[in-house]
Amino acid sequence: MTITRQKIGYGVLTLALAASICVFPAASAHAASYHPVDPHAGVEYETIHTPVDKNMSDFVKELPMLTEAEKQQLIDESVATQPICDRISALEEEIDVITNKILEEAESLFQERGDIFDEHEALWAKLWNNMNDEQNKLEDYTAIIKGSTALTDSEKEILLKAQAHLDVIDAGIDGYYEKAAEATKYLTVKRDAAIAELQKIYAKSGHIWDKVYGE
C-alpha cells in the first residue's frame with residue numbers, strides 16, 4: 001500500500017530544504033515530528049538561528065568565534081550563491097504551478113479522502129492516540145488497525161472498511177502525483193542540479209559553519 005500523505009510530506013520537506021539552504025546553509029530544515037503512518041500528521045521543520053531579516057554582512061559581524069577572513073568568506077559565498085538561489089526559487093515556482101494545476105483534477109479524491117477521516121474522526125483519534133509499541137513498528141495502515149489494543153472489534157471493523165476505501169482513493173491520488181512528477185521532470189532535474197551546485201559551494205565553508213553552530 002502506498003502512503004500518499006507520507007509522499008506529500010516529503011515533497012514539502014524537499015522544498016523546505018531547498019529554501020532554507022538559500023538563507024543560511026548550516027541552518028537547514030529537518031523533519032521534527034513527522035509520524036510515518038499517521039494520516040493526520042503533517043510535516044514540521046525547525047531551523048537553528050536563521051536571522052532571515054539580516055543580510056550575511058550584518059549576520060557575520062555578530063559572530064565573535066570567526067576570524068575576519070572567515071567572515072569575508074561567508075560574505076563572498078553569499079554573493080556567489082544568490083543567483084543560484086534565485087534560479088532554484090524560479091524553478092520551484094514553475095514546478096508548483098504545474099503540479100497544482102494537475103492536482104486540481106484530483107480535488108474530488110482529496111475531498112472524498114477528507115470526508116472519510118471526518119466521518120470517523122473520533123475512532124481515528126482513538127487509534128493514533130493509543131498506539132502501542134508493535135503498531136509503531138508498522139507502516140501498513142491495515143496492520144496498524146488490526147494491531148490496536150485500544151479499539152474494540154467492532155471499531156476495528158469500521159476503520160478497516162474505511163481504510164480499504166482509502167487505499168483505493170490513495171492509489172488514485174498517487175496517479176496524479178506521478179503525472180505531475182512526469183510533467184515537471186525536466187524542471188526537477190534543473191532544480192536538483194542547481195541545489196547540487198549550491199551545496200558544492202557551501203561545502204567549502206562547512207568548517208566555518210561548524211564553528212558558528214558549535215558542531
Side-chain angles (χ1 to χ4, degrees), residues 2-38 41-103 139 177-215:
T2 301
I3 301 178
T4 302
R5 189 57 172 266
Q6 183 174 358
K7 183 174 295 185
I8 296 170
Y10 283 125
V12 172
L13 181 57
T14 299
L15 297 184
L17 283 167
S20 67
I21 201 171
C22 284
V23 180
F24 290 88
S28 60
H30 62 85
S33 62
Y34 180 73
H35 194 298
V37 293
D38 186 348
V43 170
E44 295 180 13
Y45 38 86
E46 59 180 330
T47 54
I48 306 172
H49 190 58
T50 52
V52 294
D53 58 330
K54 297 183 179 181
N55 59 40
M56 185 61 75
S57 181
D58 291 336
F59 177 60
V60 299
K61 289 177 182 177
E62 302 175 1
L63 302 177
M65 77 291 292
L66 300 184
T67 66
E68 291 304 313
E70 289 171 333
K71 292 179 181 180
Q72 188 60 49
Q73 182 171 336
L74 294 187
I75 293 172
D76 292 343
E77 173 187 85
S78 179
V79 173
T81 57
Q82 189 57 55
I84 304 174
C85 290
D86 292 341
R87 197 189 331 150
I88 291 172
S89 179
L91 288 167
E92 287 176 352
E93 185 173 351
E94 286 188 71
I95 291 171
D96 286 346
V97 169
I98 295 172
T99 298
N100 290 337
K101 184 66 176 177
I102 291 174
L103 291 183
E139 294 186 356
Y177 272 96
E178 290 167 3
K179 182 179 178 180
E182 182 63 28
T184 60
K185 183 166 60 177
Y186 71 103
L187 294 171
T188 301
V189 170
K190 290 182 179 180
R191 184 197 65 190
D192 291 349
I195 291 176
E197 184 181 351
L198 198 64
Q199 291 173 328
K200 185 176 180 180
I201 295 174
Y202 283 145
K204 298 177 182 179
S205 300
H207 63 290
I208 301 177
W209 287 109
D210 287 345
K211 290 177 66 174
V212 174
Y213 293 102
E215 297 180 5

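Remember, predicted model here, so these are calculated numbers, not experimental data.
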Look up atom CD1 in I195 and atom OH in Y202, then write down how far apart they are to the nearest 0.5 Å. 11.0 Å
Enter the distance from I95:CD1 to N100:CG here, rounded to the nearest 0.5 Å. 11.5 Å
Test side-chain contact (heavy atoms from CB on, under 4.5 Å) applied to S89 - qualifying residues, sequence neighbours left out: none
Nearest-0.5 Å distance that lies between atom CE in M65 and atom NZ in K71: 9.0 Å
Over all heavy atoms of both residues, which pair between I84 and A194 is shortest? Give the atoms and the distance, please. CG2-O, 3.5 Å
Would you mind reporting whether Y177 and I102 have side-chain heavy atoms less than 4.5 Å apart? no
If you define the side chain from C-beta out and look only at heavy atoms, does anything of N55 sit under 4.5 Å from I75? no
Backbone N or O of S78 within a donor-acceptor pair of the T81 side chain at under 3.5 Å? yes
Donor-acceptor check, side chain of Q73 to backbone of K204, threshold 3.5 angstrom: yes or no? yes
Nearest 0.5 Å, what's the OG1-CD distance between T99 and E94? 11.0 Å
Can you measure from CG (L198) to CD1 (I88) and round to the nearest 0.5 angstrom? 5.0 Å
Test side-chain hydrogen bond (donor to acceptor under 3.5 Å, both in side chains) applied to Q72 - qualifying residues, sequence neighbours left out: D76
How would you list, by chain and number, every residue that makes a salt bridge (Lys or Arg N to Asp or Glu O under 4.0 Å) with E182, sequence neighbours excluded? K185
Using a strict threshold of under 4.0 Å (side-chain N to carboxylate O), is an ion pair present between K211 and E70? yes
Set of residues satisfying side-chain hydrogen bond (donor to acceptor under 3.5 Å, both in side chains) with respect to K101, sequence neighbours excluded: none
Of all residues at least two apart in sequence or in a different chain, which pass the side-chain contact (heavy atoms from CB on, under 4.5 Å) check with K190? L91
For E197, check salt bridge (Lys or Arg N to Asp or Glu O under 4.0 Å) against everything at least two apart and list the hits. R87
Walk me through whether L74 and F59 qualify under side-chain contact (heavy atoms from CB on, under 4.5 Å). CA-CA 10 Å; L74 294 187; F59 177 60; 5.7 Å; no
Pairwise distance CG(D96) to OG1(T184) - rounded to 0.5 angstrom: 9.5 Å
Shortest non-hydrogen separation from P83 to A80 and the atoms involved: CD-O, 3.5 Å
